[in-house]
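Inspection log for the structure reproduced underneath, given as structure tokens.
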2 protein chains.
Amino acid sequence: MRGKLSVKQEKILTFMRQFLDENAYPPSIRDIQHGCGISSTSVVDYNLKALENMGLIRRDREVSRAIEVLGHRRNSNGIVSVPVVGQIAAGAPIDVPESGASVPDTSETIEVSERLLFGRDNVFALRVKGTSMIDALINDGDIVVFEPTNHADNGDMVAAWLKREGETTLKKYYLEGDRVRLQPMNTTMAPIYSSADNVQVQGRVLYVTRSMA
Amino acid sequence: MRGKLSVKQEKILTFMRQFLDENAYPPSIRDIQHGCGISSTSVVDYNLKALENMGLIRRDREVSRAIEVLGHRRNSNGIVSVPVVGQIAAGAPIDVPESGASVPDTSETIEVSERLLFGRDNVFALRVKGTSMIDALINDGDIVVFEPTNHADNGDMVAAWLKREGETTLKKYYLEGDRVRLQPMNTTMAPIYSSADNVQVQGRVLYVTRSMA
DNA sequence: TGTGCGTCAGAACGGGTGTTCCGATCTGGG
DNA sequence: CCCAGATCGGAACACCCGTTCTGACGCACA
């Protein structure tokens, strides 16, 4: 039941997206029926239930045209929903989502204009814990958007994974010989030195947001 | 026929906008009837025809829920497009958009999740010029979202209009007796003192964003 | 070969929905 | 006062629409 989409389900989904773009209101079951060349409304209902179980659409029962296609990007505004996949500080390890992996609906997201990401793909976000980057204008509670990368140039602000310590921290990255200096931007804190093979760069900072309300 | 909106028509329009934001599909005539406390569907139909003649909505006849409210941005998942209406620094005056005023489509916008604005309406954004708020973690080039208000409590970060000087600045606000202290968050800069009647608060900071790419 | 399961076709039911008609009420002007 | 037009209330009609029921078909599996 929770496997791949059938041809018919894919067709229904595509039709609903197209219908929404053209009409500003969702299609009825019979619209879908005729638009996809399906012979019976019960078949549409059957497949819609399957799509609903897979979490791809949401329906208000007994209400006409009350189908909502989840994750449908409006073509008018290039907005990317970036998943906030965890926290970053001096301790809590995080998982970086793999390319193409689906993100559970339960996770928090932050919306960012596509144009601010300069074409980066598979970006993710972390909530900052602690004040170690206060001098880089990043405060406790800020949400930081990363592009996934394993490479960093000196001075880049990165999420760095310390393999032996099992920690991920937000620091400035400097490669000095065969060791790495992870520099906090807080004059009261000392840098972390580690061997280069113990440091795994997970992402580079693209964007910072802070709520002041 | 083409004059002002009646109370009922205004109510219907407001209800439809709210319904669209909440439900992702348009309301039926009877939804409008009950939502606005109208006694008959024919009255709704009558007023919808009037709104259609005025060009405020568009309808597909004979199709249920086929009402499109023109000029209403379908924010797919509670996203508000906040207009970036100018810059704020130590000089350039800005115009704060009046409530309900339309913002030209040509202006830059920044997209923010509705939930981060805590119900504030008519918010606007400014691009920060200069480093006067560097110690408050706001840098040159950051975009700051404001809620429009004429009131500020001590310590609030506000956009303040200096009437005689014809300037708008981003500072922390402190009312001290009959004068106002506008405190930059930069240890190298001195505060501005001005009489209270010369200072007009234009908005309070809600949200800060910075692009690092 | 039979059984269960996923999928589909057709039809019908009941309530939802846009529309229309008739008449009442209100309002402004002659 | 009287009339015309705008607005409204109530009801009915015909179609739209989501749902459900019955049965059929194909396919994997024992």
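Quantities reported herein were computed from a predicted structural model and do not represent experimental measurements. Note on naming: letters A, B, ... go to the chains in the order of the sequence lines (proteins, then strands), and numbering restarts at 1 for each one.
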Among the candidates [options], find the nucleotide nearest to the side-chain atoms of [X].
| X | options | answer |
| --- | --- | --- |
| S28(B) | dG18(C), dT20(C), dC17(D) | dG18(C) |
| Y46(A) | dA9(C), dA12(D), dG6(C) | dG6(C) |
| S64(B) | dT20(C), dG18(C), dG18(D) | dG18(C) |
| S40(A) | dT19(C), dT19(D), dG10(C) | dG10(C) |

Q) Does any donor-acceptor pair link the side chain of R30(B) with the base of dG18(C) at a separation under 3.5 Å? A)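 Checked by distance alone, the answer is yes.
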Q.
Between the base of dT19(C) and the side chain of T41(B), is there a donor and acceptor pair under 3.5 angstrom?
A.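 Between dT19(C) and T41(B), which were checked side chain against base, a qualifying N/O pair under 3.5 Å is present.
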**Q.** Rounded interatomic separation in angstrom, taking NZ from K8(B) and P from dT7(D)
**A.**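 In whole Å, dT7(D) P lies 10 Å from K8(B) NZ.
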Using a cut-off of strictly less than 4.0 Å, decide whether [X] has a side-chain nitrogen or oxygen near OP1 or OP2 of [N].
| X | N | result |
| --- | --- | --- |
| K49(B) | dT19(C) | no |
| N47(B) | dA6(D) | no |
| R65(B) | dT17(C) | yes |
| R59(B) | dT19(C) | yes |

Q | Given DNA chain D, 5'-ward residue of the pair V63(A) and I38(B), judged by closest heavy atom | A |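 Going by which nucleotide is closer to the 5' end, it is I38(B).
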Q. If every non-hydrogen atom of R59(A) is compared with every non-hydrogen atom of E52(A), which pair is closest and at what distance?
A.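 Answer, listing the atom of R59(A) first, then E52(A): N-OE2, 3.6 Å.
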**Q.** Minimum side-chain heavy-atom gap L48(A)-I57(A) below 4.5 Å
**A.**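 Sidechains of I57(A) and L48(A): in contact.
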Q) Does R65(B) make a cation-pi contact with Y25(A), if we ask for NZ or CZ under 6.0 Å from the ring centre and within 45° of the axis? A)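 R65(B) over Y25(A) ring: no.
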